[in-house]
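Inspection log for the structure reproduced underneath, given as structure tokens.
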Protein chains: 2
Amino acid sequence: MRIGELARRTGVNQRLLRYYEEQGLLRPVRRPSGYREYGDADVEQVRRIRTLLAAGLNTTTIADVLPCTADTGNGLAAACPDLLTDLRRERDRISRSIAELHTARTMLDAIIEATSH
Amino acid sequence: MRIGELARRTGVNQRLLRYYEEQGLLRPVRRPSGYREYGDADVEQVRRIRTLLAAGLNTTTIADVLPCTADTGNGLAAACPDLLTDLRRERDRISRSIAELHTARTMLDAIIEATSH
DNA sequence: CTAGACTTTGACATCGATGTGAGAGTCAAG
DNA sequence: CTTGACTCTCACATCGATGTCAAAGTCTAG
């Protein structure tokens with residue numbers, strides 16, 4: 001599919017899809033015309049990117065992580081070496097973030113509860 | 001206490017404490033010299049601010065929310081009227097965010113697990 | 001009184017993902 | 001051939017919290 005369809009199917013702006021490619025997160029094939037040609041798998045890939053971005057990872061880190069995600073699902077554990085340290089750090093950061101969000105939500109809930117009595 | 005101590009006790013940069021005041025999140029008294037004078041309660045206040053910021057609320061929204069947080073704890077439910085809609089929206093956004101973070105963490109865990117087998 | 005630590009205001013920089021627009025090329029349908 | 005929808009690249013703007021620096025005023029210990 002071309003970029004327009006991918007944008008439609010993922011809800012992600014074309015500008016961003018190009019940006020993700022620039023950052024090495026997507027590798028569409030090029031037609032003779034120069035048009036980008038994406039595969040069906042890229043729909044899932046974009047979802048993963050969005051999830052990791054939402055989790056606070058930057059595109060550089062995601063670029064390191066993505067090659068691994070493809071494998072882990074299948075059972076084929078790729079050789080993803082020393083970025084393990086980074087991954088653990090990210091995971092811990094996410095855990096802290098989740099805890100913080102819980103605190104914040106509890107706070108809001110208390111206000112909502114008290115206000116709407 | 002003055003700004004230096006508050007910064008030390010909260011771990012928040014002085015620059016930010018001034019910024020929070022500018023945004024209406026803190027209201028330190030001024031000494032004749034112009035120095036800001038904070039109360040002990042402001043330590044907690046700053047923590048709340050940091051939590052809500054981390055949860056993705058912007059300073060404007062936080063400025064609306066904070067006056068309420070002081071009360072809900074005590075039982076005195078202040079009249080925090082129509083920002084209720086905003087609060088529910090924020091809470092839902094936070095919930096979605098938590099869900100996304102869980103997804104991301106699971107993803108990272110899978111990779112970590114598969115890699116360090 | 002003086003030195004040094006602290007504070008003040010104000011301005012400018014940064015960061016990274018994201019939005020937007022212009023000008024030009026591609027392509028399929030009529 | 002022409003039109004309209006799609007795509008390309010490139011450049012510039014934005015947003016909001018945060019960092020940092022400069023010049024000047026305040027205060028306290030010696």
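Side-chain atoms are counted along with the backbone in the values below, which use heavy atoms only and exclude waters and symmetry mates. What you see is a predicted model; the values in this text were computed from it and never measured. Naming convention: chains lettered A, B, ... in sequence-line order (proteins, then strands); numbering from 1 in each chain.
Remark: B:Glu5 does not engage B:Arg2 in a salt bridge, criterion side-chain N to carboxylate O under 4.0 Å.
For A:Tyr20, the side-chain hydrogen bond (donor to acceptor under 3.5 Å, both in side chains) test picks out A:Arg50, with sequence neighbours left out. Applying the side-chain hydrogen bond (donor to acceptor under 3.5 Å, both in side chains) criterion to A:Arg27, with sequence neighbours excluded, gives no partner residue. Every salt bridge (Lys or Arg N to Asp or Glu O under 4.0 Å) that A:Arg93 has, sequence neighbours left out, goes to A:Glu90. For A:Asp92, there are no salt bridge (Lys or Arg N to Asp or Glu O under 4.0 Å) partners two or more places apart in sequence or in a different chain. Residues meeting the salt bridge (Lys or Arg N to Asp or Glu O under 4.0 Å) test with A:Arg105, sequence neighbours left out: none. Not counting sequence neighbours, B:Arg96 has no partner by the side-chain hydrogen bond (donor to acceptor under 3.5 Å, both in side chains) test. B:Arg18 meets the side-chain contact (heavy atoms from CB on, under 4.5 Å) test with B:Ile3, B:Gln14, B:Arg36; sequence neighbours excluded. Under the side-chain hydrogen bond (donor to acceptor under 3.5 Å, both in side chains) criterion, A:Thr51 pairs with no residue at all, not counting sequence neighbours.
Atoms CD1 (A:Ile3) and P (D:dC6) sit 13 Å apart, rounded to a whole Å. Taking atom CG of residue B:Leu17 and atom P of nucleotide D:dT18, one finds them 11 Å apart after rounding to whole Å. Look at CD on B:Glu21: it is 14 Å from P on C:dT7, rounded to the nearest Å. Rounded to an integer number of Å, the gap from CD of A:Glu5 to P of D:dA5 is 18 Å. At whole-Å resolution of the value, CD in B:Gln23 and P in D:dG16 are 9 Å apart. A straight line from OH of A:Tyr19 to P of D:dC8 spans 18 Å, rounded to a whole angstrom. In this structure, the CD atom of A:Glu22 is 13 Å from the P atom of C:dT18, given to the nearest Å. The interatomic distance linking A:Ile49 (CD1) with C:dG16 (C1') rounds to 15 Å, in whole Å.
Counting only heavy atoms from C-beta outward, the side chains of B:Ile98 and B:Ile94 approach each other to under 4.5 Å. Contact check for A:Val29 versus A:Tyr38: no side-chain heavy atoms found under the 4.5 Å cut-off.
B:Glu100 places no side-chain N or O within donor-acceptor distance of the main-chain N or O of A:Ala54, the cut-off being under 3.5 Å. A donor-acceptor pair under 3.5 Å is absent between the side-chain atoms of A:Arg31 and the main chain of A:Tyr35, judged by distance alone. Between the B:Thr61 side chain and the B:Leu57 main chain, no donor and acceptor come within less than 3.5 Å of each other.
Looking at residues 92-106 of chain A, you'll see that no heavy atom sits under 4.0 Å from any atom of DNA chain C.
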Detail all sub-3.5 Å separations between protein N/O atoms and N/O atoms belonging to nucleotides 28-30 of chain C.
none

All N/O contacts under 3.5 Å from nucleotides 2-4 of chain C to the protein, with atom names and distances to one decimal?
none

Between protein and nucleotides 19-30 of chain D, map the contacts as a letter string: B base, S sugar-phosphate only, - none, heavy atoms under 4.0 Å, written 5' to 3'.
-> BB----BBS---
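Positionally, the nearest nucleotide of DNA chain C for B:Arg8 lies more toward the 5' end than for the other of B:Arg8 and B:Arg36.
Checking the phosphate oxygens (OP1, OP2) of C:dG16, no side-chain nitrogen or oxygen of A:Thr59 falls inside 4.0 Å.
Picking from C:dT9, C:dA17, D:dC8 the nucleotide with the shortest atom distance to the side chain of B:Arg18 gives C:dT9.
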